[in-house]
Structures are given as structure tokens and as C-alpha cells.
> 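My questions all concern the structure below.
Since we're looking at a predicted model, the values are computed, not measured. One-based numbering along the sequence shown. First listed ligand is number 1; within each ligand, the first listed atom is number 1.
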Amino acid sequence: MRPLIAGNWKMNGLSSQLGEIEAIAASVTATPPFTDVLICPPSTLIARAAQRAAGRIAIGGQDCHKEAAGAFTGGISAEMLKDAGASAVIVGHSERRQHHCETDAMVAAKAKAAWRVGIQAIICIGETEPQRRDGKALSVCSDQIAGSVPEGMVSSANAIAYEPLWAIGAEGAATPEEIAEMLTHIRHCLVGRFGAKGKTMRILYGGSVNPSNAREILALPEVGGVLVGRSSLRAADFEAIFRAVSPKA
Ligand code: PGA
């Protein structure tokens, strides 16, 4: 399975930044990387980003509503994302869980909405710093998988992103040992619940991935890609990350 290198622009990006997407797409065309490349800009840029990308890289949303349409002011449905040219959506990012009070059940419903329209769902999980300190990191993540990954969703088309909250927007990423331990645990949970199909789902790591640490993280067992915040905003940084993957021997 090719690794997925996904960029999450969060609430950053004006029309003037579309050139970064153009530059990433041009680089991918000039020298195809050994990865899938996805950028999730703010919703206001999705349609124009998709036009500029012209299929050379994938464009995704950062969240979606569980319903297809209706009286939900400010909401954006998976149908709308797809219509704008998105082929993926991040659901359950910790910033949504924290600041928008999203529960596991809500995240699962959003993932199902993505599935309904045939776009990829990237389901985020991750523990807080106090939870890790109390030795609860593994159980918090298993509970989030149990609650946020709907039945039938397990396939290589979808992904789990493990993003420990203490490593997001931080000075440094989780250590290779912490990442390896958690991703092995996540795989174990997926296989325990979904059997052989649980082996097919991509597991990403996210939290302070940058051009300097990407190679080491991407080489870890079970790491099927990365979800990148700050270092996806500039084409040069993001390119250094997807170029950090060499073909498997
Ligand atoms: P960061 O964000 O790379 O800036 O730490 C990652 C994320 O929140 O997806």
C-alpha cells in the first residue's frame, strides 16, 4: 500500500496561497513520488484548489456534517465536499473534538457520511498529555477506535490518523518508540474487531511532522503515512516530506 501524505491547512489559506497547491501538483507531475498526496485546505478554497490540482494531487475537506443537506447553518455536507472536488475528508480531528465538542458517535456518523458519497475518511484519534501521563494512552485510543470507526468502514480507502494532542502544534513529534507502540496497538485493535480486513486500513501518524523528522517516522513499521499541519502550508516543506519516502525494496 502506498503511504498517504496528507496536509491539513486548518483555518489557514487565502486565494493568494493557491500557488502552493499549484507548486505541489507541478512537483508531483514532474517527478511522481512513491506516495499518495492530499491537501485539505479550508472549505472556501476546495473548489479552486481542485481545479488547480487537476487530479495531480487529491484535495480534501477538514470536516463534514453527517447529514446530506438541511437546516444546519454553517454546515458543509460530504455531498458538498465531493461536489466541490474533494475526494477525502478529515473527521474527528482533536481540534474539532475539543472546540466543537464532537463525540465518538458524531465522528462515526461523519465518517459514514464520507462513505455514503464515496470519499475517503481520515478518522483522527489521540490521547491528551494527562491521559498519557496516567498510563491511559492505549486504552483511550482503543475506546476512540471502538466509538469512531463505523462497521464496514475498514478498507485501504479509509485511514486512521493517530495524533497525540500533546504533539500537535508542538516543538517536536512523539518519539519513534511511542509512535511504534501506539500504531502496533491500533493495528491490533483493528484486526481484533474487523479480522483480516483490519490489516488493510492505513494508519497515519500526525503531530509536528516536519521535513527533518519525516523520514524516520515514515520508516516505522505500521506507519502508512502522515497527517501534517504547519509543514503542509509551504510547498517546499511539504514536498520534502513526501520525497522522504523511498520505494519499498
Ligand atoms: P502540526 O498539526 O503538524 O502542526 O503539529 C498536525 C495536525 O493537527 O494535523
> Show which atoms of ligand 1 fall inside a sub-4.0 Å distance from at least one heavy-atom site of Gly207.
5 (O)

> Excluding sequence neighbours, so at least two apart, what forms side chain to side chain donor-acceptor pair (under 3.5 Å) with Arg187?
Glu222

> More than 12 non-hydrogen atoms from neighbouring residues, nucleotides or ligands closer than 6.0 Å to NZ on Lys112, yes or no?
no

> Please determine, by modelled atom types, if Ser27 and Arg243 share a side-chain donor-acceptor pair under 3.5 angstrom.
yes

> If the cut-off is 4.0 Å to any non-hydrogen atom of Glu163, which atoms of ligand 1 fall inside it?
6 (C), 7 (C), 8 (O), 9 (O)

> Could you tell me if any non-hydrogen atom of Ser208 lies under 4.0 Å from any atom of ligand 1?
yes

> Nearest heavy atom to atom 3 (O) of ligand 1 wins, so pick from Ala161, Ser232, Gly172, Gly229.
Gly229

> Atoms of ligand 1 less than 4.0 Å from His93 heavy atoms?
7 (C), 8 (O), 9 (O)

> Considering only protein heavy atoms, which is closest to atom 4 (O) of ligand 1, and at what distance to one decimal place?
Arg230 NE, 2.7 Å

> Just to be sure I read this right, does ligand 1 sit under 4.0 Å from the backbone of Asn8, its side chain, both, or neither, counting only heavy atoms?
side chain

> Between Arg230 and Ser208, does any side-chain donor sit less than 3.5 Å from a side-chain acceptor?
yes

> Considering both backbone and side-chain atoms of Gly169, is one of its nitrogen or oxygen atoms within less than 3.5 Å of a nitrogen or oxygen in ligand 1?
yes

> Suppose we screen for side chain to side chain contact (heavy atoms under 4.5 Å, CB included). Which residues come up paired with Asp134, at least two apart in sequence or across chains?
Lys136

> Could you tell me the separation between the CE atom of Met80 and the SG atom of Cys64, rounded to the nearest 0.5 Å?
11.0 Å

